[in-house]
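One structure is given here, and the rest of the page talks about it.
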Number of protein chains: 2
Amino acid sequence: MTETAKIEGFDLLRFLPYLLNQAAEESSLTFQKIYKDRYGLLRTEWRVLFHLGMFGEMTATDIGTRGKIHKTKVSRAVYRLGQRRYLKRMPSETDRRVEWLVLTPAGEAVYRDLRDTAERYETALLEGFTADEVAQLKRVLRRLGGTPDSGNSPK
Amino acid sequence: MTETAKIEGFDLLRFLPYLLNQAAEESSLTFQKIYKDRYGLLRTEWRVLFHLGMFGEMTATDIGTRGKIHKTKVSRAVYRLGQRRYLKRMPSETDRRVEWLVLTPAGEAVYRDLRDTAERYETALLEGFTADEVAQLKRVLRRLGGTPDSGNSPK
DNA sequence: GCTTGTTAGTTACAAAAACAACCATTACCA
DNA sequence: TGGTAATGGTTGTTTTTGTAACTAACAAGC
């Protein structure tokens, strides 16, 4: 790597959004290979699947709100997951615009496999950091990302 | 938000790659509006510009390696930055495949403006965290993202 | 009931990214 | 040398995404 040093009082390598991107890129590229190679899933599809696996029945809008995923992305992911028979759609009895989404047994199996893999992957990723560092990192990231503190938040 | 609770021992909201993504997404979407509205830059273009502003002369490959940006993305970003006269290309004397890239005065001006904006943005983003938290966050992120410790690293 | 406004979700089209194939050069090495 | 591999960079094609506009259903006020 050839380059001329050119120091000014700003270092891209310490610029937070840059660091966040690099770290996010690195960690999701690695994990992406797994769900893509193993099940042919796209990033959004994986995210939708995980939401359903974790929370059970949800509507498309619920998923979008929770995961900050745009509704068109959710819509297309749901469509593809449906085609692969990883989820089924159940029309709501009370509102005909709404469909409840729920994983099929096949979808559940994929979810469990990926969830376990994710857990192992995270463990590997965090090897070498102390429990304190990890806890603090996650706390800070949650605040930065605007993630609700815990499982439930009202609309 | 309607949902059935379905607790199993894994929480997507605590899954590190997920948190990283949310935080990265949040922070770069906000900043994206600035460089897009103000200069019509694309994300990759902004990143390339910043690299050049920070390190001075570099080749396309250098930028790709440093920033983990695929070479086709770099190539197209360089092309567009060239069209806008934000950078100029200088053929290498020793290797006719290589071109050195360097910002024009116009490019420098854009860089300085965006850099300063970025600095203010980061300050706002990190308001409410202690200096210690920030330092530790960045240290951890650098390690996760495989970012070289400081400005210079040999090939 | 009927008009107006919202909400859930899909679809169409344009912009951007991923992927692969491709020159032109330079490096390696028998 | 000369032939093969590797490198720097660009271009073409296919996937994904982003943005807007749209349909269908519900809600609210009069």
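Labels below follow one simple rule: chain letters A, B, ... track the order of the sequence lines, proteins then strands, and each chain is numbered from 1. Fair warning: this is a prediction, and the values are worked out from it, not measured in the lab.
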Whole angstroms only, please: what is the [atom1]-[atom2] distance between [X] and [N]?
X	N	atom1	atom2	result
B:L41	C:dA16	CG	P	12 Å
B:I69	D:dG9	CD1	C1'	15 Å
B:L29	D:dT19	CG	C1'	14 Å
A:K33	C:dC19	NZ	P	10 Å
B:R96	C:dT25	CZ	C1'	8 Å
B:E45	C:dA15	CD	P	14 Å
B:E25	D:dG18	CD	C1'	12 Å
B:L101	D:dT10	CG	P	8 Å

* Anything under 30° is parallel, anything over 60° is perpendicular, the rest tilted; go ahead and classify A:W46 against A:Y35. =>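 Parallel, since the angle between the ring planes stays under 30°.
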* To do: Take the angle between the ring planes of A:F31 and A:F50 and call it parallel below 30°, perpendicular above 60°, tilted in between.
  =>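 Answer is perpendicular, since the angle exceeds 60°.
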* To do: Could you say whether B:D95 or A:R97 is positioned toward the 5' end of DNA chain D, judged by the nucleotide with the nearest heavy atom to each?
  =>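 Per heavy-atom nearest nucleotide, the more 5' residue is B:D95.
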* **DNA chain C-proximal residues of residues 70-94 of chain B, any heavy atom under 4.0 Å** =>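 B:T72, B:K73, B:R76, in order of number.
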* To do: Kindly compute the distance separating CZ (B:R66) from CZ (B:R47), expressed to the nearest 0.5 Å.
  =>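 These two atoms lie 12.5 Å from each other.
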* Asked: With respect to B:E45, which candidate in B:R76, B:R84, B:K73, B:K36 satisfies the salt bridge (Lys or Arg N to Asp or Glu O under 4.0 Å) definition?
  ->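 Going through B:R76, B:R84, B:K73, B:K36 one by one, the salt bridge (Lys or Arg N to Asp or Glu O under 4.0 Å) with B:E45 is satisfied by B:R84 alone.
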* Please determine, by modelled atom types, if B:N21 and A:R43 share a side-chain donor-acceptor pair under 3.5 angstrom. =>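 Note: B:N21 and A:R43 side chains meet the donor-acceptor criterion.
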* Which residues pass the salt bridge (Lys or Arg N to Asp or Glu O under 4.0 Å) test with B:R97, sequence neighbours left out? ->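 Applying salt bridge (Lys or Arg N to Asp or Glu O under 4.0 Å) to B:R97 gives B:D95.
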* Asked: Of all the nucleotides listed (C:dG9, D:dA25, D:dT16), which has the minimum atom distance to the side chain of A:L42?
  ->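 Looking only at side-chain atoms, A:L42 lies closest to D:dT16.
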